[in-house]
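Following: one structure in C-alpha cells, then a few remarks.
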Amino acid sequence: MITNISITSVFVKDVDESKTFYIDVLGFEEHTDITIGDGYRWCTVKHPNQPELQVHLTVPGPPFAPEMVEAIRRAQDGGGMNGLGMNVDDCRKTFEDLVSKGVEFINPPEERPYGVEAVARDNSGNWMVLVEPRAFAPADFG
C-alpha cells in the first residue's frame, strides 16, 4: 500500500543555481547532492517543516527524447512550466519577503475561495503557487 509521496521532480536550467535559490531564497535545506553513473547528478532539497518530501532538482536530459528535452527547455524559457504549490502562513508577508529577494511574481496576492494566493516563478521559470489556505466549500466557487 502507498503510504505517502516522498519525492517530486522539478526541471531546472542549472542545478547549482537552483539549489542556491531553493535554499537561500525559499528556505529549503539540502538533502542529497551526489553524482552517480555517467556523471548524472542527483540533487534533492527538502523543506524543514516537511523533511519526508524531497524535491529533486534536475536538468532535462536523458532518458527523455531530445524533442522532449527541447520542449521542456522552451517551456522553461517561456516561464510556463509547472513547479511547486506551497502553503504559507501569511501570503502577503511572504510576497513582500520574496519580492525583496528578487523573486519574480506573475500574480500578487489575491483573495480566492480557498485562501490568499500568489504566483511566482523560480529561477528556472517554473511556476510556484503560494497559498495561505482557509476552509472552503464547493459553493464558494459559485
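In this text the structure is predicted, and so the values were computed from the model without any measurement. Just the heavy atoms: all of them, side chains too, but no hydrogens, waters or symmetry mates, feed the values below.
For the residue pair Pro113 and Phe136, the shortest heavy atom distance occurs at O-CB, 3.3 Å. Contact detail for Arg92 and Pro109: the closest heavy-atom pair is CG-CB, 3.8 Å. Residues Ser124 and Gln76 come closest through the heavy atom pair O-CB, 3.6 Å. Gly79 and Trp127 make their closest contact through O-NE1, 2.7 Å (heavy atoms, listed as atom of the first residue, atom of the second, distance).
Two residues are said to be in side-chain contact when any heavy atoms from C-beta on lie closer than 4.5 Å; Tyr114 and Pro133 fail this criterion. Counting only heavy atoms from C-beta outward, the side chains of Ile23 and Glu30 approach each other to under 4.5 Å. Looking at heavy atoms from C-beta onward, Met86 lies out of side-chain contact with Thr94 at the 4.5 angstrom threshold. Residues Asp122 and Val103 are not in side-chain contact: their nearest non-hydrogen atoms beyond the backbone lie 4.5 Å or more apart. The closest side-chain heavy-atom distance from Tyr22 to Leu57 is below 4.5 Å. Counting heavy atoms from C-beta on, the side chains of Leu130 and Leu98 come closer than 4.5 Å. The shortest distance between side-chain heavy atoms of Leu84 and Val129 does not fall below 4.5 Å.
Taking the charged nitrogens against the carboxylate oxygens, Glu111 and Arg134 do have a contact shorter than 4.0 Å, which makes a salt bridge.
Surrounding CG of Asp14 are more than 12 heavy atoms belonging to other residues, nucleotides or ligands, all under 6.0 Å away. Other residues, nucleotides and ligands place more than 12 heavy atoms under 6.0 Å from the CD1 atom of Ile36. Surrounding NZ of Lys101 are more than 12 heavy atoms belonging to other residues, nucleotides or ligands, all under 6.0 Å away. Taking a 6.0 Å sphere around CG of Asn4, one finds it holds more than 12 heavy atoms contributed by other residues, nucleotides or ligands. Within a 6.0 Å sphere centred on CE of Met68, heavy atoms belonging to other residues, nucleotides or ligands number 12 at most.
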field: Stepwise side-chain contact (heavy atoms from CB on, under 4.5 Å) test for Val12 and Glu17
entry: CA-CA 9 Å; Val12 299; Glu17 290 177 8; over 6 Å; no

task: Take Thr58 and Ser9 through the side-chain hydrogen bond (donor to acceptor under 3.5 Å, both in side chains) test and state the conclusion after the steps.
output: CA-CA 7 Å; Thr58 187; Ser9 294; over 6 Å; no

task: Given side-chain contact (heavy atoms from CB on, under 4.5 Å), test Leu53 with Ile5 step by step and report yes or no.
output: CA-CA 7 Å; Leu53 178 61; Ile5 296 172; 3.9 Å; yes

Derivation of the side-chain contact (heavy atoms from CB on, under 4.5 Å) call for Glu117 and Arg112: CA-CA 7 Å; Glu117 175 190 82; Arg112 303 279 190 231; 3.2 Å; yes

field: Stepwise side-chain contact (heavy atoms from CB on, under 4.5 Å) test for Val59 and Phe11
entry: CA-CA 5 Å; Val59 176; Phe11 285 117; over 6 Å; no

List the atom pairs, with distances to 0.1 Å, where a side-chain N or O of residues 40-50 and a protein N or O form a donor-acceptor pair under 3.5 Å, not counting sequence neighbours.
from	atom 1	to	atom 2	distance (Å)
Tyr40	OH	His56	NE2	3.3
Arg41	NE	Asp33	OD1	2.8
Arg41	NH1	Asp16	OD1	2.9
Arg41	NH2	Asp16	OD1	2.8
Arg41	NH2	Asp33	OD1	3.4
Arg41	NH2	Asp33	OD2	2.8
Thr44	OG1	His31	ND1	3.3
Thr44	OG1	Thr32	N	3.2
Thr44	OG1	Gln54	OE1	2.9
His47	ND1	Asn49	N	3.0

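A side-chain donor-acceptor contact under 3.5 Å links Ser100 to the backbone of Asp97. Counting only distance, with no hydrogens or angles, the side chain of Arg121 and the backbone of Met128 share no donor-acceptor pair below 3.5 Å.
Aromatic pair Phe28/Phe21: centroids not less than 6.0 angstrom apart.
In this structure, CD1 in Ile72 is found 13.0 Å from NZ in Lys13, a value given to the nearest 0.5 Å.
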